[in-house]
Amino acid sequence: MAKERKITGHFSSSRRYFENTLGTEFDFTQSTGPYEYLLGALSGCFYSTLESFERSSSWKSIDIEITGKKREEVPTTLEHTTLDITVRGAEDEEEVRKLIDRAASSCSIFATISKVSKMEIKIKFEA
């Protein structure tokens, strides 16, 4: 059975925010609006997908910096999206590259955004 997700948006002249079913609130501000949340959701989905795969090696940490360039014409969907992935302490860099490629084809939010945006992944390894 598919998991249902529910978010409720609340908008007034004094406050703009959404909340989840647990009542946790997330404000829309000058620097965090819908696209920041979309890109944040992409980073979380991508990492969760990556971590769900069986693997023979490990890593210490992964940072996923996502940059989205919006179109000028309406609708102003994303035109180009870049995931700059920094992997620290990887035991097997080749395996991690393969897992990242697999995550790109399995992550549902990545797949959704890729319908309107050119997707690019850059990988950097650090000790």
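What you are looking at is a predicted structure, and each value in this text was computed from that prediction instead of being measured.
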Measure the [atom1]-[atom2] distance between [X] and [Y] for me, rounded to the nearest 0.5 Å.
X      : Y      : atom1 : atom2 : answer
Lys118 : Lys69  : NZ    : NZ    : 11.5 Å
Thr24  : Leu22  : OG1   : CG    : 5.0 Å
Thr21  : Lys6   : OG1   : NZ    : 8.5 Å
Asp27  : Gln30  : CG    : CD    : 12.5 Å
Met119 : Ser114 : CE    : OG    : 6.0 Å

Is there a side-chain contact between Leu83 and Leu42 in this structure, where contact means two heavy atoms from C-beta onward sitting under 4.5 Å apart?
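Answer yes - side chains close enough.
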Please tell me if the side chains of Ile64 and Asp84 come closer than 4.5 Å, counting only heavy atoms from C-beta onward.
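Side-chain contact under 4.5 Å: no.
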For Ser48, all residues meeting side-chain hydrogen bond (donor to acceptor under 3.5 Å, both in side chains), sequence neighbours excluded:
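Expected list: none.
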Flag for [Y]-[X]: side-chain donor and acceptor within less than 3.5 Å:
X      : Y     : result
Ser117 : Thr81 : yes
Glu19  : Thr8  : no
Thr77  : Arg71 : yes

Is there a path of hydrophobic side-chain contacts, each under 4.5 Å between heavy atoms, that joins [X] and [Y]?
X      : Y     : answer
Ile121 : Phe53 : yes
Val116 : Phe46 : no
Tyr37  : Tyr47 : no
Leu39  : Phe28 : no

Under 3.5 Å, which donor-acceptor pairs do the side chains of residues 98-113 form with other protein atoms, sequence neighbours left out?
{"residue": "Ser105", "atom": "OG", "partner": "Arg102", "partner atom": "O", "Å": "2.9"}
{"residue": "Ser106", "atom": "OG", "partner": "Arg102", "partner atom": "O", "Å": "3.0"}
{"residue": "Thr112", "atom": "OG1", "partner": "Ser108", "partner atom": "O", "Å": "2.9"}

Check this for me: Glu72, atom CD, are more than 12 non-hydrogen atoms of other residues, nucleotides or ligands nearer than 6.0 Å?
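It does not: Glu72 CD has 12 such atoms or fewer within range.
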Let me see the working for Thr49 and Ser52 under side-chain hydrogen bond (donor to acceptor under 3.5 Å, both in side chains), right down to the final yes or no.
CA-CA 5 Å; Thr49 302; Ser52 73; 5.6 Å; no
Does the Glu65 side chain pair with the main chain of Ile85, one donor and one acceptor, at a distance under 3.5 Å?
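Between the backbone of Ile85 and the side chain of Glu65 there is no qualifying donor-acceptor contact (under 3.5 Å).
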Salt bridge or not between Asp63 and Arg88? Use side-chain N to carboxylate O under 4.0 Å.
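Counted as a salt bridge, because a side-chain N and a carboxylate O are separated by less than 4.0 Å.
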Lys124/Glu126 salt bridge by N-O under 4.0 Å criterion:
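Yes.
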What residue pairs, at least two apart or across chains, pass ring pair (Phe, Tyr, Trp, His ring centres under 6.0 Å) with a residue in residues 59-92?
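Counting only pairs at least two positions apart or across chains, no ring pair (Phe, Tyr, Trp, His ring centres under 6.0 Å) contact touches residues 59-92.
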Sequence neighbours left out, what passes side chain to side chain contact (heavy atoms under 4.5 Å, CB included) with Ser12? Give chain and number order.
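If we apply the side chain to side chain contact (heavy atoms under 4.5 Å, CB included) test to Ser12, skipping adjacent residues, the hits are Ser14, Arg15.
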Non-hydrogen atoms of [X] and [Y] that approach each other most closely:
X      : Y      : value
Lys122 : Glu120 : CE-OE2, 3.2 Å
Ser43  : Ile66  : N-CD1, 3.4 Å
Thr32  : Glu36  : C-OE1, 3.8 Å

Side-chain hydrophobic cluster, 4.5 Å single linkage: members besides Tyr17
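For Tyr17, no cluster forms, as it stays isolated from other hydrophobic side chains.
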Which residues share a ring pair (Phe, Tyr, Trp, His ring centres under 6.0 Å) with Phe26, sequence neighbours left out:
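Per chain and number, Phe26 pairs via ring pair (Phe, Tyr, Trp, His ring centres under 6.0 Å) with Phe18.
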